[in-house]
Amino acid sequence: MEQIPHNQLGLTPDGGCKDGHSSWKNQFGLSNHDGKSYDGQCSFFNGEPPLTHSDGWFIVLGIGTLFAGFTCVVVWMDSRRKGAQPQSTENSDSQSSGNSEHFTTAGRQMPLGCTCADVVSKWTWAASLLQSSNVAYRFGVSGPFWYAAGASIQILLFSVVAVEIKRKCPAIHTVLEVVYVRWGARAHCVFLFFCLLTNLIVTAMLILGGSSVVHALTGVNTYAVSFMIPLGVCAYTVTGGLRGTYYASWMHTTGIFLILLIFVEMVYVSSPDLGSIDRIWENLQVINLKNPVEGNSDGSLLTMISKSGIIFGVVNIVGNFGTVFVDQSYWQGAIAASPSAGWKGYLLAGLAWFSIPFTLATTMGLAARALDLPITMEEAGQGLVPPAVALHLLGRSGANLVAVQVFLAVTATANSEQLAVASLLAYDVYKQYVNPSCTSAQIIAVSRGSVVLWAVLSGVFAVVLLELKLSLGWVYLAMGNLVGSAVAPICMSLLWKDCTGTAAIGSAIFGQAAAITGWILMASQEEEGLSIETLGRDYPMVTGNLLALTV
């Protein structure tokens with residue numbers, strides 16, 4: 001085992017930084033992709049993007065336009081094919097490509113494979129790639145497990161809801177239609193707020209992760225990217241409706257898996273700096289002594305006994321219940337699936353999705369530690385661990401691969417969120433309260449307008465979060481405090497016939513109030529007092545999340 005200089009024990013790149021130069025040194029004497037030593041760096045990127053502005057705009061606009069164009073062509077060809085086929089009278093309305101049923105439910109006949117691909121795609125957020133590697137970098141091997149396992153449970157359990165949708169209300173368009181029938185307009189408005197809040201938080205996280213990575217790698221203005229990402233997705237969402245999102249989901253998921261396999265091969269097989277599991281294990285043993293992880297057994301990165309890892313696991317499980325069960329896009333997927341494909345698709349998707357964050361985090365997150373890269377905790381919180389490792393291993397080609405992978409993850413989920421919001425605004429606002437006798441054409445027009453409106457609003461909200469200096473990791477952990485209280489009541493609309501509207505409303509509102517109160521009170525007990533930084537710590541976050549789900 002390599003000897004560790006005494007002055008390097010516990011030292012971090014930013015901790016030893018003074019006047020732009022750090023006393024920190026890479027334990028293994030490694031250099032970056034340009035052959036420059038990492039010694040003395042205060043951070044990995046140092047504010048210097050490895051790619052050009054042109055690369056950034058090509059990824060955001062060029063690849064975005066390519067995928068949008070291809071999806072639009074596939075949707076057009078599918079519409080022509082269906083238009084040429086004879087349709088039975090009873091199915092002609094739902095299958096016609098020109099009506100609102102087709103636009104928002106894809107005819108309710110999507111097969112098993114498409115259902116599975118769609119769920120995997122929209123559950124693969126930017127956070128699935130970036131935040132999972134962040135927790136691997138911070139907590140070690142326990143982080144990837146708690147991230148992947150803690151976010152697979154919700155998809156697996158949603159298969160129960162998928163069955164109940166087909167049994168009890170196969171003709172619905174949104175979850176809030178069930179709420180309105182069960183509990184009336186007051187409950188309908190309350191849960192409309194929670195559903196839209198969930199969509200806003202999820203979309204903002206996508207944009208935060210995508211814009212941070214593109215900015216760090218290419219230097220393209222973060223605010224510009226924050227608007228270009230959601231607006232670029234509008235083209236095929238507006239054109240193809242839900243069926244268009246299914247086609248895009250399959251293509252995006254395929255691309256994400258292919259890039260993931262490249263990184264796995266580089267880290268565990270062909271990299272000259274790592275290249276084997278044995279080498280990674282040996283390097284991590286050295287790093288355990290140099291920078292032990294506080295709260296882990298023996299300070300090791302290779303243990304499941306991690307206090308912070310377990311706390312993160314609880315927050316992750318609780319928070320993700322809200323972003324599945326209160327997100328219209330998952331109900332929409334179950335509505336669009338054929339009766340035999342719904343529950344099977346969600347079960348298969350939960351198993352398939354597990355491999356994405358777990359594999360990427362145990363590859364890129366642990367590799368960052370095993371290479372002793374000068375990544376600061378601030379950079380890790382912004383989701384920059386995978387870009388840093390890819391840049392070290394593959395140079396600018398690796399940076400491009402990560403940027404493309406994150407862009408695919410962001411756009412894959414963004415189109416589902418846009419259509420989910422469009423359905424809520426069209427059916428639960430416009431049709432319910434503005435024009436109850438509206439036509440199919442009017443529903444489609446409102447849906448398409450809502451897609452564009454939501455793209456702009458989500459960009460504005462992401463810019464607000466950026467101005468508040470809220471990182472992807474902070475927002476990811478906080479989401480359960482804000483929407484977790486709506487999980488139980490919204491599920492009871494289908495699963496418990498004796499649940500009253502008053503109880504459902506009270507549970508959602510008072511649960512959220514209790515969560516926010518507990519969150520703030522716990523943060524105020526920290527030595528530094530109440531601040532954005534203390535609100536993001538372990539105990540305030542876990543307190544708020546648990547109160548949201550249980551009160």
Side-chain angles (χ1 to χ4, degrees), residues 101 104-106 108-110 115 118-119 122-123 152-199 202 242 317-318 320-347 349-350 416 419-421 423-424 426-429 431-432 480 483-509 511-512 548-551:
E101 285 291 310
T104 57
T105 69
R108 306 177 195 271
Q109 291 297 321
M110 296 307 295
T115 300
D118 173 63
V119 176
K122 61 191 171 194
W123 200 220
S152 296
I153 298 170
Q154 299 81 1
I155 298 298
L156 297 172
L157 290 177
F158 198 85
S159 61
V160 177
V161 174
V163 171
E164 293 302 303
I165 288 173
K166 294 302 182 184
R167 285 185 62 241
K168 297 177 179 177
C169 46
I172 63 170
H173 305 90
T174 72
V175 57
L176 295 180
E177 291 178 339
V178 180
V179 171
Y180 186 86
V181 171
R182 282 290 312 273
W183 299 321
R186 186 174 59 169
H188 183 260
C189 292
V190 169
F191 288 102
L192 175 62
F193 163 77
F194 278 99
C195 286
L196 290 176
L197 178 61
T198 301
N199 290 125
V202 172
L242 186 59
I317 292 170
V318 174
N320 281 314
F321 268 104
T323 51
V324 171
F325 287 87
V326 193
D327 190 336
Q328 161 64 14
S329 69
Y330 295 93
W331 293 77
Q332 201 153 5
I335 292 167
S338 66
S340 63
W343 66 273
K344 295 176 185 176
Y346 279 82
L347 285 176
S416 297
L419 196 61
V421 171
S423 298
L424 292 174
Y427 286 100
D428 293 295
V429 177
K431 185 175 182 179
Q432 190 65 53
V483 301
S485 61
V487 173
I490 211 166
C491 289
M492 293 306 106
S493 67
L494 266 183
L495 303 178
W496 188 19
K497 65 182 180 63
D498 295 325
C499 183
T500 65
T502 302
I505 294 171
S507 175
I509 293 177
Q512 186 188 59
L549 198 62
T550 57
V551 171

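Computed from a prediction, not measured in an experiment: that's the story for all the values here. Numbers here simply count residues along the sequence, with the first being 1. Excluded from the calculations below are hydrogen atoms, water molecules and symmetry mates; all remaining heavy atoms, backbone and side chain alike, are included.
- Using a 4.5 Å cut-off on side-chain heavy atoms (C-beta onward), Leu494 and Trp331 make contact.
- Residues Cys169 and Val178 share a closest heavy-atom pair of SG-CG2, 3.9 Å.
- With rounding to the nearest 0.5 angstrom, the CZ atom of Phe321 is 8.5 Å from the SG atom of Cys491.
- For the pair Ser485 (side chain) and Ala508 (backbone), a donor-acceptor distance under 3.5 Å is present.
- Counting heavy atoms from C-beta on, the side chains of Phe158 and Phe325 come closer than 4.5 Å.
- Listed for the Ser423 side chain is a donor-acceptor partner under 3.5 Å among the backbone atoms of Leu419.
- Side-chain contact between Tyr180 and Glu177 is absent, with no heavy atoms from C-beta onward closer than 4.5 Å.
- For Arg108 (side chain) and Pro170 (main-chain N/O), a donor-acceptor pair under 3.5 Å exists by modelled atom type.
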Might you work through the side-chain contact (heavy atoms from CB on, under 4.5 Å) test for Ile153 and Leu156, ending with a clear yes or no?
CA-CA 5 Å; Ile153 298 170; Leu156 297 172; 5.7 Å; no
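- Residues Gln332 and Thr105 have side chains that never bring a donor and an acceptor to within less than 3.5 angstrom of each other.
- Side-chain contact check for Ile317 versus Gln154: some heavy-atom pair is nearer than 4.5 Å.
- Between the Arg182 side chain and the Thr500 main chain, no donor and acceptor come within less than 3.5 Å of each other.
- Taking the side chain to side chain donor-acceptor pair (under 3.5 Å) definition, one finds that Thr198 meets it with nothing, sequence neighbours left out.
- Annotation for Ala162 and Tyr346: closest pair CB-CD1, 4.3 Å, computed over non-hydrogen atoms.
- Contact of the Leu424 side chain with the Asn199 side chain is registered, since non-hydrogen atoms from C-beta on lie closer than 4.5 Å.
- A side-chain donor-acceptor contact under 3.5 Å links Ser493 to the backbone of Ile490.
- Residues forming a side-chain contact (heavy atoms from CB on, under 4.5 Å) with Val551 (at least two apart in sequence, or on another chain): Ala514, Leu547.
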- Message: Set out, in order, the CA-CA distance, both residues' side-chain angles and the distance that settles side-chain contact (heavy atoms from CB on, under 4.5 Å) for Cys195 and Asp327, then state yes or no.
- Response: CA-CA 6 Å; Cys195 286; Asp327 190 336; over 6 Å; no
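- No more than 12 heavy atoms of other residues, nucleotides or ligands lie within 6.0 Å of CH2 in Trp343, so this atom counts as exposed by the packing criterion.
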Could you go through Tyr427 and Gln328, starting from their C-alpha distance and side-chain angles, then the distance that decides it, and tell me whether this counts as side-chain contact (heavy atoms from CB on, under 4.5 Å)? CA-CA 12 Å; Tyr427 286 100; Gln328 161 64 14; over 6 Å; no
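- Pairs engaging residues 163-172 under the salt bridge (Lys or Arg N to Asp or Glu O under 4.0 Å) rule: Glu164-Arg167, Glu164-Lys168 [sequence neighbours left out].
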### Message
Assess the residue pair Met110 and Asp118 against the criterion (side-chain contact (heavy atoms from CB on, under 4.5 Å)); give the C-alpha distance rounded to whole Å, side-chain angles, the decisive distance to 0.1 Å, and a yes or no.
### Response
CA-CA 10 Å; Met110 296 307 295; Asp118 173 63; over 6 Å; no
